[in-house]
There are 2 protein chains.
Amino acid sequence: MLKGHQSWIFQNKPIIISSSAVGGPFEAEGALSEDFDILHQDIWVGQDSFEKAEKVMLEQACQKAIDKANLKKEDIQFLLSGDLMNQIISSSFAARTLGIPFLGIFGACSSSMQGLALAAQLVNSGAANYVVASASSHNSSVEKQFRYPTEYGAQKPPTSQWTVTGAGASVVAKEGKGPRVTSATIGRVIDMGLSDPFNMGAAMAPAAVETIEAHFRDLNIEPDYYDLIATGDLGLVGHQIAADLLKEHGVIIPEKILVDCGLMIYKKDQPVIAGGSGCACSATVTYGHFMNRMNSGELKKILVVATGALLSPLSYQQKESIPCVAHAVSIEM
Amino acid sequence: MLKGHQSWIFQNKPIIISSSAVGGPFEAEGALSEDFDILHQDIWVGQDSFEKAEKVMLEQACQKAIDKANLKKEDIQFLLSGDLMNQIISSSFAARTLGIPFLGIFGACSSSMQGLALAAQLVNSGAANYVVASASSHNSSVEKQFRYPTEYGAQKPPTSQWTVTGAGASVVAKEGKGPRVTSATIGRVIDMGLSDPFNMGAAMAPAAVETIEAHFRDLNIEPDYYDLIATGDLGLVGHQIAADLLKEHGVIIPEKILVDCGLMIYKKDQPVIAGGSGCACSATVTYGHFMNRMNSGELKKILVVATGALLSPLSYQQKESIPCVAHAVSIEM
């Protein structure tokens with residue numbers, strides 16, 4: 001690998017042989033509802049806590065992806081999973097249920113693509129035949145932990161986003177049919193000094209731009225290589241900042257190509273303020289919507305740039321700014 | 001890779017070209033104080049919070065390891081790091097300071113060997129030339145988050161352990177001199193139904209045993225292959241349970257060979273109850289003490305089995321039991 005490079009080019013092009021998306025009631029009313037495999041009308045998913053509901057959705061997403069690949073849990077060698085809960089309990093407890101050797105990851109909302117990048121790396125290098133990559137979030141468990149319990153009905157500023165309730169998973173394999181993971185770029189932690197947990201999009205936008213630029217530099221390609229470049233969850237505010245920053249840096253990406261999962265998942269009339277967010281935002285849009293559009297032949301080459309805000313409630317209370325990261329994965333049909 | 005296997009055998013034997021250990025005042029009085037590169041007499045490390053103190057120690061450990069390898073931060077392609085803080089802020093904020101492309105991991109106290117296993121995997125497969133693997137914990141930040149602030153002076157039962165204050169880091173490289181990482185076994189999440197956060201050792205012991213057995217099975221070797229098999233932080237109670245369980249399962253490991261980092265790091269007269277714990281326990285003992293003994297030629301082959309309790313204060317409050325995991329890394333001179 002070349003010095004200064006932060007991208008992996010996968011010579012063996014690991015294949016996403018199956019994927020799945022699970023959502024909650026708000027996602028069922030969203031713009032991409034048809035791309036979900038399982039939709040719950042009950043935000044509790046029959047559990048007695050929001051955290052347990054999130055865990056069940058993550059288990060369902062993993063199991064569904066494994067089923068769709070006509071495999072059994074025992075065929076999967078490693079489970080890579082991350083979420084926003086303290087000590088990633090959704091992932092750890094789902095790993096307990098699934099019984100697959102487990103590598104816990106944390107990149108906040110970038111966990112979805114961090115997991116896919118590492119899964120592809122393991123399969124590409126022959127360190128695994130089948131790996132599941134997954135991520136989850138739950139609106140009520142996340143709001144309770146990072147801001148206020150949803151039951152309080154607290155008001156939110158116009159920059160704030162709506163955490164997606166759901167989970168996404170994929171089975172990455174050495175052989176089979178499906179879109180192929182061709183490269184991945186691992187991001188640096190970028191912090192422009194923003195500290196408002198109700199404006200994550202603005203904090204994360206520079207990290208997305210940094211990773212997109214590194215991706216094109218390392219791979220020596222131009223933005224028009226892709227049919228779609230999708231950031232994870234920048235929302236209205238962050239998306240505009242990212243678009244402006246890219247233009248400033250001379251990276252010309254047509255408006256139609258540069259999209260954001262957080263701006264796609266809900267309908268215009270849903271009260272999601274600046275758009276969707278959470279690990280499940282990029283995970284469900286990628287593993288549901290994008291995979292369907294790739295498998296149908298509509299999209300040939302996409303770059304998913306999942307963004308994560310690496311703050312904790314405690315780092316915020318200690319008046320720290322918000323360090324952010326973005327990981328990009330290139331998927332081609 | 002064979003179906004059902006959960007181990008990686010590294011054909012190119014990535015090299016730990018340097019490593020470092022940073023500790024606090026309690027570690028400075030411990031049994032292995034001479035193996036630390038930096039020891040702080042001030043538990044605050046000159047910072048205004050315990051969390052910031054932990055972050056500084058992690059930064060120091062990474063920088064020290066990079067310095068000892070005669071490298072610069074820019075030479076390191078990826079930083080793998082994990083800790084016990086919510087949203088692994090110690091690692092994320094240290095990654096911000098260091099500016100190295102960052103892969104956050106979480107396996108509680110198993111993070112040390114999860115990081116080393118993945119670092120070796122990346123170097124072995126040619127996905128990186130230089131990777132830093134690191135982990136940290138701080139007695140006061142961890143106690144405050146998981147149990148009670150240390151200032152309360154709360155009493156503890158005899159099964160409880162003492163979280164190590166410190167950080168450990170290593171530089172894993174394709175070429176150079178030093179101990180080599182020859183294989184790694186990624187653990188499954190094991191939960192025997194224990195739920196007492198003051199008795200982590202007992203909860204983690206079965207996970208350690210499961211991973212040790214998987215390691216021998218996958219590699220088709222016997223325990224006498226190693227000069228030392230070191231669990232991470234089972235402490236007095238967990239160590240005895242692990243030894244008993246191994247015997248029960250017919251895995252015969254001589255008493256002298258089966259050791260625990262948590263039982264080595266402090267002196268007998270230090271009030272650490274059942275022994276040391278925390279991510280920094282296995283990280284500092286491995287990257288300080290064990291590496292010194294390997295580089296001096298005293299130890300030729302060791303297996304470090306870092307154990308992690310994947311609970312959160314919230315999962316405990318919701319009356320969940322404690323899922324545990326262990327990851328093993330084989331290091332040979």
Side-chain angles (χ1 to χ4, degrees), chain A residues 1 3-6 8 48-49 51-52 74-75 77-78 82 84-89 91-93 95-96 98-108 111 114 117-118 121-122 124-129 145 185-191 214 308 310-315 318 320 323 325 327, chain B residues 1 3-6 8 48-49 51-52 74-75 77-78 82 84-89 91-93 95-96 98-108 111 114 117-118 121-122 124-129 145 185-191 214 308 310-315 318 320 323 325 327:
Chain A
M1 189 181 213
K3 190 179 156 175
H5 277 210
Q6 59 200 86
W8 298 321
D48 61 5
S49 79
E51 292 79 13
K52 289 178 189 171
E74 294 72 32
D75 297 316
Q77 277 156 321
F78 304 103
L84 293 167
M85 291 291 93
N86 295 341
Q87 287 72 52
I88 58 165
I89 48 169
S91 296
S92 300
F93 282 79
R96 178 179 72 177
L98 295 164
I100 302 166
F102 172 56
L103 290 159
I105 54 172
F106 182 79
S111 299
Q114 181 179 336
L118 280 169
Q121 207 287 321
L122 292 179
N124 184 65
S125 68
N129 299 331
Q145 183 185 273
T185 301
I186 303 303
R188 280 173 219 282
V189 175
I190 305 292
D191 187 336
L310 306 172
L311 83 166
S312 82
L314 185 138
S315 72
Q318 293 188 357
E320 286 275 10
V325 75
H327 303 301
Chain B
M1 189 182 212
K3 190 179 156 176
H5 278 211
Q6 61 199 84
W8 297 321
D48 61 4
S49 79
E51 293 78 14
K52 290 179 189 170
E74 295 70 33
D75 297 316
Q77 275 156 324
F78 304 104
L84 292 167
M85 291 291 92
N86 295 341
Q87 286 72 53
I88 58 165
I89 45 168
S91 296
S92 300
F93 281 77
R96 177 179 72 176
L98 295 164
I100 303 165
F102 173 56
L103 292 158
I105 55 172
F106 182 79
S111 299
Q114 181 180 335
L118 280 169
Q121 208 287 321
L122 292 179
N124 185 64
S125 68
N129 299 332
Q145 183 184 273
T185 301
I186 303 303
R188 281 171 218 282
V189 176
I190 306 293
D191 188 336
L310 306 172
L311 83 167
S312 83
L314 186 138
S315 72
Q318 292 188 358
E320 287 276 8
V325 75
H327 303 301

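FYI, side chains are in, hydrogens and waters are out, and symmetry mates aren't considered; it's all heavy atoms of this structure. Chain identifiers are assigned alphabetically (A, B, ...) following the order of the sequence lines, protein sequences preceding nucleic acid strands; residue numbering begins at 1 within each chain.
Note: Leu98(A) CG to Phe93(A) CZ = 13.5 Å, rounded to the nearest 0.5 Å. Atom-to-atom distance recorded for Asp191(A):CG and Leu311(A):CG is 10.5 Å, nearest 0.5 angstrom. Here Arg96(B) contributes atom CZ and Glu320(A) contributes atom CD; the two are 5.0 Å apart, rounded to the nearest 0.5 Å. Rounding to the nearest 0.5 Å gives a distance of 4.5 Å between CD of Glu51(A) and CG of Leu314(B). Atom-to-atom distance recorded for Arg188(A):CZ and His327(A):NE2 is 12.5 Å, nearest 0.5 angstrom. Between atom CD1 of residue Ile88(B) and atom CG of residue Leu310(A) there is a gap of 7.5 Å, rounded to the nearest 0.5 Å.
If you tally non-hydrogen atom pairs under 4.5 Å between each of Asp75(A), Leu84(A), Asn129(A) and chain B, the highest count goes to Asn129(A). When the candidates Gln145(B), Lys52(B), Glu74(B) are compared by the number of heavy-atom contacts under 4.5 Å with chain A, Lys52(B) comes out ahead. Chain B forms more heavy-atom pairs under 4.5 Å with one residue of Met85(A), His5(A), Gln6(A) than with any other, namely Gln6(A). Residue with the most contacts toward chain A among Val325(B), Leu103(B), Asn124(B), Leu118(B): Leu103(B) (heavy-atom pairs, distance under 4.5 Å). Most heavy-atom pairs under 4.5 Å with chain B, from the set Ser315(A), Ala117(A), Ser111(A), Ala108(A): that is Ser315(A).
Of the atoms belonging to Gln114(A), it is side-chain heavy atoms, and not backbone ones, that fall under 4.5 Å from chain B. Using a 4.5 Å cut-off between heavy atoms, Ile100(A) contacts chain B through its backbone alone, with no side-chain atom that close. Proximity to chain A (any heavy atom under 4.5 Å) is restricted, for Phe78(B), to the side chain, taken from C-beta onward.
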